[in-house]
Amino acid sequence: MANHGCLALCQSGFEHLLVREMGSVGAAASASGPGWVTAAASEAAPLRGAAFAHALLDVEVVAEGERVNEIAQRIADFFAASLVGERVEGAWPCVFGAGQDVAGLGRRVAAVEAAFRDILKKRLGRVAKLASAQRPRVGAARGLFVWFTDFGRAHVARSAYLCGPCRMADDDSAPSRSYLKVEESYAIIGREPGPGEIVCDLGAAPGGWSYSAAKRGARVVAVDNGPLKGGALANPLIEHRREDAFGFSPAGGAAYDWLFCDMLEDPRRVLQAVLSPWLRGGWCRRFIVNLKFGRVDPIELLGDLRSAGSALSTHARGARIVHLYHDREEFTVTGSLPP
Ligand SMILES: C[S@@+](CC[C@H](N)C(=O)[O-])C[C@H]1O[C@@H](n2cnc3c(N)ncnc32)[C@H](O)[C@@H]1O
């Protein structure tokens, strides 16, 4: 099949930053719209580590049409042809989607998806039964991925790379929406705090991140002058210290299992006065640090983080910088330290 290139998805409103980030790694965008950027197929590999990319679709066909059935038929024809020589033995992801900015586009996508599934059921009943609308979480995936950039334009891929960002379920006892960011980060790292572990949460109030760790059985030292609330307030696993997080370090050189940091502060100050000493000192085994880029250039900040001499490059393993589904003008840095 012909390759139409790479469709990179991002959070809507941040496509200009994905375009700039691509430029900083030498990849050129060919077009962009709300929540998406296209590039040549050859640019896809370096984009896997792009902070602003949420998913990368290896687009083989752009199905265009005025009517729902027409688009569904084109997708089904492509899909059936692409299956030649391939055995489908288990569940496969069949994911249809679109950005949320175009009014009514969601209904259009649902109608095309339903029409496509009907056609597939008639043509390839066994394959249709194994289709799963569940989007894989992270890594390379094979199945069918269809993304609408307009009412009459669907980008169709058999392969996709999921960078990790994903909408998370809320918890009524969580005292803040920030809770969703740390929950989302666990899945990206592939680890979460647990019983027997100890977490240092800098800039903890009102306590969403601390609550998230405590509900998994970890003990938390929550550092913030502000009050804890909801499920973090009077939680027996959470010790609240009303202190300035910039001067905070582990007592007696003992390391924490996790450093959490979600401080509303200048991100460069957080890098210099928190992340660097914590990584250099080996004061934690894993870290999740959120940097607010509202007042700085995020692409320059990414450049600093990724530069050869940065504390992240020098001391961390498996570091990821991700603009999470639940991040706004901020991104989240995760990683671990060598044992
Ligand atoms: C976005 S909120 C953190 C939300 C928290 N992660 C949650 O899940 O509820 C930012 C917090 O950083 C705290 N903060 C800012 N500067 C700080 C400092 N120097 N020391 C301690 N906390 C600080 C603020 O008091 C505020 O509570």
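Note that the structure is predicted; figures quoted are calculated from it, not measured. Values reported hereafter were calculated over all heavy atoms of this structure, with side chains retained and with hydrogens, waters and symmetry mates removed.
- If you check the side chains of Asp244 and Asn225, you find no donor sitting under 3.5 Å from an acceptor.
- For Arg317 (side chain) and Ser336 (main-chain N/O), no donor-acceptor pair under 3.5 Å exists by modelled atom type.
- Between the side chain of Glu70 and the backbone N or O of Glu66, at least one donor-acceptor pair lies under 3.5 Å.
- In this structure, Leu120 CG and Glu113 CD are separated by 11.0 Å, a value rounded to the nearest 0.5 Å.
- Considering CZ of Phe287 and CG of Leu202, their distance stands at 13.5 Å, rounded to 0.5 Å.
- Formation of a donor-acceptor pair under 3.5 Å by the Glu243 side chain with backbone atoms of Val223 is not found in this model.
- Hydrophobic clustering (side-chain heavy atoms under 4.5 Å, transitive across Ile, Leu, Val, Met, Phe, Trp, Tyr) groups Leu279 together with Leu259.
- Residues passing the side-chain hydrogen bond (donor to acceptor under 3.5 Å, both in side chains) test with Ser310 are Ser313, sequence neighbours excluded.
- Side-chain atoms of Asp201 never come within 3.5 Å of backbone atoms of Ala222 as a donor-acceptor pair (strictly under, hydrogens ignored).
- Arg20 has no carboxylate O lying under 4.0 Å from a charged side-chain N of Glu300, or vice versa, which leaves the two without a salt bridge.
- Within a 6.0 Å sphere centred on CZ of Arg137, heavy atoms belonging to other residues, nucleotides or ligands number more than 12.
- If you take CG on Leu324 and OG on Ser185, they are separated by 4.5 Å, rounding to the nearest 0.5 Å.
- Val84 belongs to no multi-residue hydrophobic cluster, having no ILVMFWY side-chain contact under 4.5 Å with any other such residue.
- No donor-acceptor pair under 3.5 Å is formed between the side chain of Glu43 and the backbone N or O of Cys6.
- Of the possible polar contacts, none joining the His155 side chain to the Thr38 backbone as a donor-acceptor pair under 3.5 Å is found.
- Under 4.0 Å is where a charged nitrogen must lie from a carboxylate oxygen, and between Asp77 and Arg123 at least one such pair does.
- The neighbour count for Glu89 CD, taken as heavy atoms of other residues, nucleotides or ligands under 6.0 Å away, is above 12.
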Steps toward side-chain contact (heavy atoms from CB on, under 4.5 Å) verdict (Leu144, Val156):
CA-CA 7 Å; Leu144 181 69; Val156 188; 3.6 Å; yes
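- Looking at Ser132, its side chain never comes within 3.5 Å of a backbone N or O of Trp92 through a donor-acceptor pair.
- Counting heavy atoms of neighbouring residues, nucleotides and ligands inside a 6.0 Å radius, atom CZ of Arg242 exceeds 12 of them.
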side-chain contact (heavy atoms from CB on, under 4.5 Å) for Ile321 and Thr332? Distances and angles first, verdict last.
CA-CA 6 Å; Ile321 309 168; Thr332 304; over 6 Å; no
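- Atom CZ of Arg328 is surrounded by 12 or fewer heavy atoms from other residues, nucleotides or ligands within 6.0 Å.
- Below 30°, between 30° and 60°, or above 60°: for His16 and Phe14 the angle between ring planes is below 30°, a parallel geometry.
- A distance of 7.5 Å separates OG in Ser276 from NE2 in His315, rounded to the nearest 0.5 Å.
- Taking both residues in full, the closest heavy atoms of Ala214 and Asn235 are given as CB-ND2, 3.8 Å, listed atom of the first, atom of the second, then distance.
- Checked by atom type, the side-chain pair Ser212/Glu183 shows a donor-acceptor distance below 3.5 Å.
- Residues Ile188 and Phe52 fall into different hydrophobic clusters, defined by Ile, Leu, Val, Met, Phe, Trp and Tyr side chains chained together at heavy-atom separations under 4.5 Å.
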Apply side-chain hydrogen bond (donor to acceptor under 3.5 Å, both in side chains) to residues Ser159 and Arg142 and explain how you reach the verdict.
CA-CA 5 Å; Ser159 304; Arg142 186 146 175 91; 3.1 Å; yes
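- Under the 4.5 angstrom side-chain criterion for Ile, Leu, Val, Met, Phe, Trp and Tyr, the cluster partners of Tyr211 are Met168, Tyr179, Leu180.
- For the 3.5 Å distance criterion, the side chains of Glu15 and Trp36 fail to qualify, holding no donor opposite an acceptor.
- Under a 3.5 Å cut-off, the side chain of Trp209 and the backbone N or O of Phe260 do not form any donor-acceptor pair.
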Audit row: Phe96, Phe116, ring pair (Phe, Tyr, Trp, His ring centres under 6.0 Å) steps and yes/no
CA-CA 10 Å; Phe96 282 63; Phe116 165 79; 5.5 Å; yes
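- Scanning both residues, Phe331 and Pro298, for their nearest heavy atoms gives CE2-O, 3.9 Å.
- Side-chain contact check for Arg158 and Ser82: at least one donor-acceptor pair (N or O, by modelled atom type) lies under 3.5 Å.
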With side-chain contact (heavy atoms from CB on, under 4.5 Å) as the test, would you mind laying out the steps for Arg306 and Leu312 before giving the verdict?
CA-CA 7 Å; Arg306 290 172 174 153; Leu312 194 68; 5.9 Å; no
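- The structure places CG of Leu83 at 6.5 Å from CG of Leu124, a figure rounded to the nearest 0.5 Å.
- Taking the side chain as every heavy atom from C-beta outward, Pro165 and Glu184 approach each other to under 4.5 Å.
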Check the pair Val221, Phe248 against side-chain contact (heavy atoms from CB on, under 4.5 Å), reporting the backbone distance first and the verdict last.
CA-CA 11 Å; Val221 174; Phe248 190 89; 4.0 Å; yes
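- Neither side chain, Thr334 nor Arg320, offers a donor N or O lying under 3.5 Å from an acceptor on the other.
- Side chain of Asp58 to main chain of Ala157: no donor-acceptor pair is present (N/O by atom type, distance under 3.5 Å, no hydrogens or angles).
- Side-chain N or O atoms of Asp327 include none that pairs as donor or acceptor with a backbone N or O of His323 at under 3.5 Å.
- The environment of Arg126 atom CZ is dense: over 12 non-hydrogen atoms of other residues, nucleotides or ligands sit within 6.0 angstrom.
- Here the CG-CG distance, from Leu162 to Leu56, works out to 9.0 Å after rounding to the nearest 0.5 Å.
- With salt bridges taken as basic N to acidic carboxylate O contacts below 4.0 Å, one links Lys215 and Asp171.
- Looking at Asp262 and Lys181, a side-chain N of the basic residue comes within less than 4.0 Å of a carboxylate O on the acidic one, giving a salt bridge.
- Both Val109 and Phe151 are assigned to one and the same hydrophobic cluster, defined by single-linkage of ILVMFWY side chains at heavy-atom distances under 4.5 Å.
- Contact check on Asp304 versus Arg268 returns a salt bridge, with a Lys/Arg side-chain nitrogen under 4.0 Å from an Asp/Glu carboxylate oxygen.
- By the rule that hydrophobic residues join a cluster once side-chain heavy atoms approach within less than 4.5 Å of another member, Val270 and Leu301 end up as members of one cluster.
- By the 4.0 Å N-to-carboxylate-O rule, Arg285 lies close enough to Glu197 to be salt-bridged with it.
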